[in-house]
Amino acid sequence: MDPFQLAGLMKRLNAHMDARCRADGLIQHQFEAAPFGSAYVTISPAEQGPYASSNFNRVHLCGAEKGLTADGLARIADLFRQAGVGRFHVWLSPGPRMELVRRWLSDDGMTRRPWVKYLTLACDSVMPSSKSGRIEARALSGSEAARLAAHHEGIAWPDFLRSAGASGFHHFMAFDQGTPIATALLCAFEGVGYLGAALTAEPFRGRGAQQALIAKRIETAAALGCNTLVSETLSILEISRGNLEKAGLKTIYEKEVYEANLRA
């Protein structure tokens, strides 16, 4: 799979999902011309944490495509200043003139976080799969999934709950002898099945819940006519990556994450 093509798809998918899964108050900017290039920007003054995964003040770039310039990056940084945001992150995916973009980011005082490695995995054939054993994975309506998750602590991320009922989102839950122990999402978008929001309650990890949920989501994606599967994970989450690789997904590229601290 071509990394440039996949990176562009993932940027569009991020915008699609953010509009349906993020907390109230998120501001989205989507650019398609110079000097901003095709940057996708989210601003969330209430979410300024130090960790890239939980800070939704972000700039998504695919290299310097569509006329991105150093001045455009500086003007994007001004959007965060004007919103009172002190820390944001740039997520750089494959695209043209990568070395030039890296230099611009460095010149603007942004530092790469080399220990934060977000892998984008994909496969271009969606084959129904199955998972046997004591763990049962089910597809549920959004409202039913949200109701069960609300009564069982530690089995669902906020975006799993917020997307309940949203078009194109499919909710899944794993059960161990009738007890809900894990959740995950499938988002169908532009012929792609995105596997996300996977979480297993701490006492039930290591029992195969996520393997069962991956298998059930692949089965659903095939029935929906998706021709590609994609997912993302941190490289340090070896079990998560291993489960995805067992299902046939392979790492296509790594997103580079840069931090800007405007108050430093």
Side-chain angles (χ1 to χ4, degrees), residues 10 12-26 28 42 44 46-47 49 51-56 58 60 91 118-122 129 131 135-176 178-190 192-221 223-224 226 229-234 237 239-241 243-244 247 249:
M10 294 304 295
R12 297 192 301 275
L13 175 61
N14 283 326
H16 175 79
M17 294 187 66
D18 285 348
R20 294 155 179 81
C21 296
R22 296 277 74 85
D24 292 342
L26 183 80
Q28 294 178 282
T42 58
S44 183
E47 300 174 292
Y51 304 110
S53 59
S54 58
N55 186 330
F56 290 97
R58 299 176 176 174
H60 295 267
W91 297 62
Y118 285 90
L119 306 179
T120 300
L121 301 93
S129 180
K131 177 68 181 176
I135 303 299
E136 178 191 8
R138 302 180 202 162
L140 303 175
S141 69
S143 58
E144 183 181 9
R147 178 180 59 80
L148 286 172
H151 288 86
H152 293 82
E153 187 176 352
I155 67 170
W157 295 112
D159 47 355
F160 180 90
L161 301 173
R162 292 180 189 130
S163 61
S167 177
F169 286 76
H170 304 267
H171 296 71
F172 299 81
M173 189 169 286
F175 298 82
D176 187 347
T179 299
I181 65 171
T183 57
L185 274 179
L186 168 69
C187 177
F189 177 77
E190 294 187 11
V192 168
Y194 176 78
L195 311 180
L199 182 63
T200 303
E202 183 69 37
F204 302 103
R205 293 177 183 175
R207 301 187 186 182
Q210 290 304 327
Q211 292 182 50
L213 286 167
I214 288 172
K216 190 65 177 177
R217 285 180 291 170
I218 290 175
E219 177 185 305
T220 302
L224 291 170
C226 297
L229 292 173
V230 295
S231 190
E232 297 171 296
T233 189
L234 273 166
L237 300 179
I239 293 176
S240 175
R241 187 177 76 247
N243 287 335
L244 293 167
L249 282 78

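Every value quoted in this text rests on a predicted model; they were computed, and no experiment measured them.
- With hydrogens and angles ignored, the 3.5 Å screen pairs a side-chain donor or acceptor of T183 with a backbone N or O of I155.
- In this structure, the side chain of N14 engages the main chain of M10 through a donor-acceptor pair within 3.5 Å.
- C21 approaches R162 most closely through the heavy-atom pair O-CD, 2.8 Å.
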Check your understanding: Under the side-chain contact (heavy atoms from CB on, under 4.5 Å) criterion, do R22 and Q28 qualify, and how do the steps go?
Key -> CA-CA 11 Å; R22 296 277 74 85; Q28 294 178 282; over 6 Å; no
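- More than 12 heavy atoms of other residues, nucleotides or ligands sit less than 6.0 Å from atom CG of L237.
- The ring pair (Phe, Tyr, Trp, His ring centres under 6.0 Å) test applied to F175 returns no partner, not counting sequence neighbours.
- Between R205 and T200, the shortest heavy-atom distance links the atoms NE-O, 2.8 Å.
- Partners of L161 according to the side-chain contact (heavy atoms from CB on, under 4.5 Å) rule, which considers only residues two or more places apart in sequence or in another chain, are A146, A149, A156.
- Between M17 and D159, every side-chain heavy-atom pair lies at or beyond the 4.5 Å cut-off.
- Interatomic distance, S163 OG to F169 CZ, rounded to the nearest 0.5 Å: 5.5 Å.
- Every side-chain contact (heavy atoms from CB on, under 4.5 Å) that L224 has, sequence neighbours left out, goes to H170, L186, A188, T220, C226.
- Across all non-hydrogen atoms, the minimal contact from W157 to L199 is NE1-CB, 3.4 Å.
- Under the rule for a side chain to side chain donor-acceptor pair (under 3.5 Å), the partners of H16 that lie at least two apart in sequence or sit in another chain are R20.
- Looking at R58 and W91, their side chains come closer than 4.5 Å, going by heavy atoms from C-beta outward.
- Rounding to the nearest 0.5 Å gives a distance of 9.5 Å between OG1 of T233 and CG of N243.
- Taking both residues in full, the closest heavy atoms of I135 and I181 are given as CD1-CD1, 3.8 Å, listed atom of the first, atom of the second, then distance.
- When all heavy atoms of L148 and H152 are compared, the closest pair comes out as O-ND1, 2.9 Å.
- Nearest approach of V230 to A122, heavy atoms of both residues: CG1-CB, 3.8 Å.
- Using a 4.5 Å heavy-atom cutoff, the side chains of E190 and L13 are not in contact.
- Atom-to-atom distance recorded for F56:CZ and E47:CD is 5.5 Å, nearest 0.5 angstrom.
- Here A184 pairs with A198, Q210, L213, R217 under the side-chain contact (heavy atoms from CB on, under 4.5 Å) rule; sequence neighbours left out.
- Under the ring pair (Phe, Tyr, Trp, His ring centres under 6.0 Å) criterion, F160 pairs with H171, sequence neighbours left out.
- Taking CG of L244 as the reference point, atom CG of L119 lies at 10.0 Å (rounded to 0.5 Å).
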